[in-house]
Amino acid sequence: MTETADSRTRVERYDPTAIEPRWQSRWAELELYETDLADESRPKYYLLTMYPYPSGDLHIGHWYIKTPTDALARFRRMHGYNVFFPIGFDAFGLPAENAAIKNGGHPFTWTMQNIENMRRQLRSMGATFAWKAEVVTADPEYYKWNQWLFLRFLEAGLAYRAMSAVDWCPNDGTLAREQVEGTERRCWRCGAPVEKRDLEQWFLRTTRYADELLDFSGLDWPEPIKIMQTNWIGRSEGAEIDFEVAPDGFQSGGERIRVFTTRPDTLFGATFMVLAPEHPLVARLTHPDRRAEVDLYVEQARRQTEIERLSTDRAKTGVALGAMAINPVSGERIPIYIADYVLSGYGTGAIMAVPAHDQRDFEFAKKFGLEIRRVVAAPGTAADAPMDDAYVAHAADERLVNSDRFDGTLADEGGKAIVDWLAERGRAEPKVTYRLRDWLISRQRYWGTPIPVIYCERDGIVPVPDDQLPVRLPETVDYAGSGDNPLNHDQAFLRVDCPRCGQPARRETDTMDTFMDSSWYWYRYLSPNHSDGPVDRALTDRWTPVDQYTGGAEHAVMHLLYSRFFTKAMADCGLIGQREPFRRLFNQGQILGADGERMSKSRGNVQDPDELVQRYGADTVRLFLMFMGPWDQGGPWSPTGIGGVHRFLNRVWTLVIDAHGREPGDPDAGSLPPGESGADARVAIRSAAHRTLRDVSVDYEAFRFNTMIAKLMELANTLFRYRGSEVAGSTEWDEAIRLLLLMLAPAAPHITEELWSRRLAEANEPWASIHTQTWPEVDPSAVVESTREIPIQVNGKLRDKVTVPADASQADIEAAVLGRDRIQAILDGRAPDRIIVAGGGKLVNLVVR
RNA sequence: GCCGGAGUGGCGGAAUCGGCAGACGCAGCGGACUUAAACUCCGUAGCCCGCAAGGGCGUCCGGGUUCGAAUCCCGGCUCCGGCACCA
């Protein structure tokens with residue numbers, strides 16, 4: 001072997017830019033990662049990563065999301081699975097349209113350019129995507145099936161049309177939430193004040209599945225996501241109760257106002273009513289003297305966002321209508337108010353207010369000087385005790401008090417009796433409500449899937465016949481400098497003959513929410529060119545549900561709930577045979593800009609992966625992204641530390657290429673640690689390698705990539721200490737190197753492939769990719785230890801340690817501990833009051849008074 | 001505001017069935033190699049006191065439970081994600 005000083009200059013250096021493109025093209029040539037979906041010789045594994053939106057902001061965040069998933073794909077392949085790991089593009093959406101309006105050009109061009117660039121970057125990552133399965137949602141061959149599915153849902157009664165308000169700018173039409181700026185709520189493009197406008201729009205009936213969506217059995221999903229979805233669906237049981245409007249000098253009364261309540265037992269405490277400002281009876285019930293004030297309030301409430309309206313920390317506002325209602329059990333006349341904290345879209349859009357037992361009603365009553373009447377209380381509380389807050393009762397510890405004023409028998413009973421009593425008189429019914437609303441899919445935009453219906457004066461709403469799908473977007477688009485939907489002005493698109501009667505009719509110009517595209521795309525990956533339907537039933541039966549889905553936690557409720565809904569709806573239309581799309585889910589965190597904000601070009605905080613790849617190579621970037629921190633956490637981007645990961649790969653390179661070299665800078669290079677024999681060293685190497693294998697396998701399974709890499713670094717450091725010594729190149733050394741490369745292969749595919757191929761060449765064996773190797777097995781005998789070190793605490797503070805044989809009994813341990821000089825000195829003649837040997841000898845704590 | 005998550009050295013983070021706080025890495029410091037620098041390697045390293053041995057303090061803040069708390073409980077603060085037309 002060469003002498004030290006020379007070895008550093010003579011030995012070939014790790015040069016990723018030479019290695020990586022070579023292996024990438026080799027893998028592509030061999031089609032190493034195209035999946036044979038018909039292969040049944042191995043168990044299938046469908047691994048899905050959320051498909052990217054091809055925004056112009058190509059950044060490190062895309063790598064952060066995809067890299068660990070790719071490592072997992074490789075890990076599973078090494079375990080003998082037939083892995084399907086496809087990729088595609090979520091190609092419709094607002095940013096493309098914004099770019100087109102701003103810079104001219106066509107959303108299609110902008111999108112396809114971004115996709116091209118993204119494909120290149122994703123390839124440079126060395127990821128194992130099955131590119132032949134790719135889908136692009138803006139392709140008519142994809143969105144045709146959106147339309148087809150919509151029509152099936154329409155037939156099944158899952159799609160319907162209803163009025164709904166949008167944010168509206170007189171110049172730019174419908175605005176997305178992010179296009180409404182500031183508390184002034186102005187249009188981002190022209191600055192005009194944003195109005196609300198009611199439009200007929202299309203909905204999907206997600207609420208039909210509300211109860212089924214609450215059932216997560218059989219799903220291995222993170223607990224927080226299940227909780228968020230459960231809260232989002234927001235099931236509450238209660239009753240609907242009718243209150244009658246009392247006659248007065250201006251109107252004859254008698255209208256019924258239906259309220260929803262979860263607390264019918266508190267009906268005797270309902271001292272006023274509140275309607276949503278949008279409630280249909282508001283206009284009719286308003287007293288002429290109150291008209292001006294009410295109209296003003298309704299106007300103001302409509303301008304606010306729901307978040308503002310539901311905020312519990314602002315002062316309650318509202319206006320009395322000047323009309324009264326009658327409490328159906330007490331017969332009392334109670335005033336009717338409108339207030340923005342009641343929403344028209346939840347329950348019946350009206351509530352009975354029970355200020356004693358609901359905090360919002362309490363605050364409202366305080367502000368407007370309304371009666372607060374207690375109905376239930378904790379045991380021992382007087383019925384007239386003053387209240388600082390609403391008492392939200394617990395069923396277990398309350399007792400009923402109060403009102404014998406009108407019907408003593410009812411007042412003493414609970415909610416069920418009251419509802420039953422009212423129900424017999426046709427004034428109430430038990431009811432379950434959900435916070436979940438039906439899914440509004442209409443978008444007043446060009447760049448989305450056209451909703452395939454036609455409006456005919458004679459036949460009304462007419463679905464486009466299947467054989468006329470897809471309804472294509474016109475190829476040219478004229479935005480005319482406005483945000484308004486250009487389809488509204490495109491005569492060639494608009495004008496169509498009614499498929500039923502043949503008379504001139506008009507096309508629907510709304511397009512679909514892009515969440516529609518993303519609610520079933522993984523089924524299409526299995527047969528992207530299938531022309532007889534959206535999915536190939538034989539393939540979906542075999543390959544879905546998806547075994548593992550990974551993606552951002554920002555999709556916890558919307559995309560992940562819509563996808564579950566879609567699968568259930570498709571199943572009920574007979575298209576697939578399953579009711580849940582994703583068996584196991586992992587939500588990774590989001591990588592932010594260095595400033596802690598979301599990465600975007602406009603903020604100027606984008607990290608481009610290309611420059612990092614050029615400087616360090618893809619393997620280093622991949623490894624660094626996995627090493628940065630726990631994958632579910634994300635956080636602000638900082639390249640500090642990428643050099644450490646690069647050094648680690650350099651060390652691996654050196655270990656394999658130059659096992660016998662010696663570092664000139666290390667005075668101890670080439671010699672074993674003092675007191676260690678060659679035999680000791682070989683045992684230590686083998687033990688380190690197998691312990692690492694044991695732990696790393698667990699870390700991969702649990703998505704703990706950062707600690708997985710830390711453990712590989714430790715193993716490399718251990719081996720490095722023996723480099724150039726008599727044990728370098730021994731069979732134990734060789735085995736450890738082999739394990740190190742195999743364990744590292746999923747995370748750093750290029751360098752390991754290169755080093756693997758060199759080892760094969762050196763051994764005169766034929767080439768085989770490291771990525772087709774079998775994951776190694778732990779030798780349990782290599783990891784057993786003969787002794788263990790036990791920390792000793794006195795009164796909970798660490799004071800000493802003692803080494804005992806691994807099989808020492810509790811008595812042996814106690815004796816060893818008490819035999820320590822340091823412990824005797826600390827005890828100073830006292831006997832411990834207690835000796836706690838914790839965790840089967842993991843730690844000893846001596847308790848001394 | 002509501003729902004969910006997170007706060008640990010100068011920095012990223014490790015340790016969560018209640019049992020050695022700070023693995024691994026970055027930056028720092030000391031050294032080797034080099035004519036020199038870069039690269040590479042070895043060592044050191046929570047903070048405070050101390051020459052040292054050692055001692056005290058320490059996981060966002062305030063309480064509590066326990067032999068023992070980063071971890072469990074109660075109260076609070078800050079930051080991140082979502083809140084239905086960004087994707």
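All values below come from the heavy atoms of this structure, side chains included, with hydrogens, waters and symmetry mates left out. First the proteins, then the strands, lettered A, B, ... as listed; each starts at 1.
When the nearest nucleotides of RNA chain B are assigned to A:N717 and A:T312 by heavy-atom distance, the more 5′-ward of the two goes with A:T312. Place A:E554 and A:T640 on RNA chain B by their nearest nucleotides, and A:T640 ends up nearer the 5' end.
Relative ring orientation between A:F364 and A:Y341 is described as tilted, the plane-to-plane angle lying within the 30° to 60° band. Ring planes of A:W522 and A:H559: perpendicular class, angle over 60° (limits at 30 and 60°). Using bins of under 30°, 30° to 60° and over 60° for the plane-to-plane angle, the ring pair A:Y521/A:Y549 lands in the tilted bin. The aromatic rings of A:H62 and A:H59 lie parallel to each other, with less than 30° between the two planes, well short of the 60° mark. Between A:Y616 and A:H646, the ring-plane angle classifies as perpendicular under the 30° and 60° cut-offs.
Nearest nucleotide to the A:R647 side chain, out of B:rC41, B:rC67, B:rA14: B:rC41. In this structure, the nucleotide among B:rC41, B:rA84, B:rA87 sitting nearest to the side chain of A:F720 is B:rC41. Comparing B:rC42, B:rA84, B:rC67 by their closest approach to the side chain of A:R834 singles out B:rC67. Considering only side-chain atoms of A:M558, the nucleotide from B:rA84, B:rG81, B:rG19 that sits closest is B:rA84. The A:P630 side chain lies nearest to B:rG13 when the options are B:rA23, B:rG13, B:rU40. Counting only heavy atoms from C-beta on, A:R445 has its side chain closest to B:rC85 among B:rG1, B:rC85, B:rG13. Out of B:rA23, B:rC83, B:rG19, the shortest distance to the side chain of A:A838 is found at B:rG19. Across B:rA23, B:rC86, B:rU40, the shortest atom-to-atom separation from the side chain of A:E178 is found for B:rC86. The side chain of A:R435 sits closest to B:rA84 out of B:rC85, B:rA84, B:rG1. Taking the side chain of A:P224 as heavy atoms from C-beta on, and the options B:rC3, B:rA87, B:rG5, the nearest nucleotide is B:rG5.
In this structure, A:R822 reaches the sugar-phosphate backbone alone: every heavy-atom distance under 4.0 Å involves primed, P, OP1 or OP2 atoms, never a base. Within the 4.0 angstrom heavy-atom criterion, base atoms lie near A:N845. The residue A:I227 sits close only to the backbone: its heavy atoms come under 4.0 Å of sugar-phosphate atoms, none of a base. Looking at heavy-atom distances under 4.0 Å, A:L436 makes contact with a base. Note on A:W439: nothing from the nucleic acid sits closer than 4.0 angstrom, heavy atoms only. Note on A:S442: a base of the nucleic acid sits closer than 4.0 angstrom, heavy atoms only. Using a 4.0 Å heavy-atom distance criterion, A:F648 is classed as making no nucleic acid contact. Within 4.0 Å (heavy atoms only), A:H559 reaches no atom of the nucleic acid at all. If you check every strand for non-hydrogen atoms under 4.0 Å, A:K801 touches a base. Among the heavy atoms of the strands lying under 4.0 Å from A:R177 are primed sugar atoms or P, OP1, OP2 only; no base atom is included. Within the 4.0 angstrom heavy-atom criterion, only backbone atoms of the sugar-phosphate kind lie near A:L94; the bases stay farther away. Residue A:E789 is classed as having no contact, given no heavy-atom separation below 4.0 Å to the nucleic acid. Here A:Q201 lies in heavy-atom contact (under 4.0 Å) with a base. Within 4.0 Å (heavy atoms only), A:G93 reaches sugar-phosphate atoms of the nucleic acid but no base atom.
For the pair A:R704 and B:rG13, the criterion of a side-chain N or O lying under 4.0 Å from OP1 or OP2 is not met. Within the 4.0 Å cut-off from OP1 or OP2 of B:rC17, not a single side-chain nitrogen or oxygen of A:K842 is found. For A:R443 and B:rC85, the shortest distance from a side-chain N or O to OP1 or OP2 is below 4.0 Å. An OP1 or OP2 oxygen of B:rG55 is reached within less than 4.0 angstrom by a side-chain nitrogen or oxygen of A:R799. A:N706 has a side-chain polar atom (N or O) that falls below the 4.0 Å cut-off from OP1 or OP2 of B:rA14. Under 4.0 angstrom from either OP1 or OP2 of B:rC41 there lies no side-chain N or O belonging to A:R723.
A gap of 16 Å separates the P atoms of B:rC24 and B:rU16, to the nearest Å. When the P atom is compared between B:rG18 and B:rG7, the two are found 15 Å apart, to the nearest whole Å. Between B:rA32 and B:rA37, the distance separating the two P atoms is 11 Å to the nearest Å. Remark: the separation of the P atoms in B:rC26 and B:rG13 is 16 Å, to the nearest Å. Taking the C1' atom of each, B:rG9 and B:rA45 are spaced 10 Å apart, rounded to whole Å. Nucleotides B:rC33 and B:rU40 have their C1' atoms positioned 8 Å apart, rounded to a whole Å. Comparing the C1' positions of B:rC60 and B:rG55 gives a spacing of 27 Å, expressed to the nearest Å. One C1' atom belongs to B:rA38, the other to B:rG22, and the distance between them is 32 Å to the nearest Å.
In this structure, NZ of A:K711 is placed 14 Å from P of B:rG25, rounded to the nearest angstrom. Residue A:Q633 contributes atom CD, which lies 11 Å from atom P of B:rA15 at whole-angstrom precision. In this structure, A:L827 places its CG atom 19 Å from P of B:rC67, rounding to the nearest Å. In this entry the distance linking CD1 of A:I709 with P of B:rC26 reads 14 Å, nearest Å. The CG-C1' distance, from A:N231 to B:rG1, rounds to 15 Å in whole Å.
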Evaluate the salt bridge (Lys or Arg N to Asp or Glu O under 4.0 Å) criterion for residues A:E663 and A:R723: first the C-alpha distance (whole Å), next the side-chain angles of each, then the deciding distance (0.1 Å), finally the verdict.
CA-CA 9 Å; A:E663 287 306 317; A:R723 178 170 165 253; 2.8 Å; yes
Under the side chain to side chain contact (heavy atoms under 4.5 Å, CB included) rule, what do A:E554 and A:Q590 come out as? Steps first, then yes or no, please.
CA-CA 8 Å; A:E554 69 272 21; A:Q590 234 179 338; 3.8 Å; yes
Hey, mind stepping through A:L623 and A:F705 against side chain to side chain contact (heavy atoms under 4.5 Å, CB included) and telling me if it holds?
CA-CA 9 Å; A:L623 221 52; A:F705 303 104; over 6 Å; no
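Rounded to the nearest 0.5 Å, atoms CH2 (A:W447) and OG1 (A:T511) are 11.0 Å apart.
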Check the interface with nucleotides 73-78 of chain B: list each N/O to N/O pair with the protein under 3.5 Å, or write none.
none

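Here A:R309 does not pair with A:D340 in a salt bridge; the nearest charged N to carboxylate O distance is not below 4.0 Å.
In B:rG12 the base sits anti relative to the sugar, since the glycosidic angle is further than 90° from 0.
Counting distance only, with no hydrogens placed and no angle test, the side-chain atoms of A:Q444 and the base atoms of B:rC85 include a donor-acceptor pair under 3.5 Å.
Formation of a donor-acceptor pair under 3.5 Å by the A:R830 side chain with backbone atoms of A:I826 is found in this model.
Scanning all heavy atoms of the two residues, the minimum distance from A:V136 to A:A91 falls at CG1-CB, 3.7 Å.
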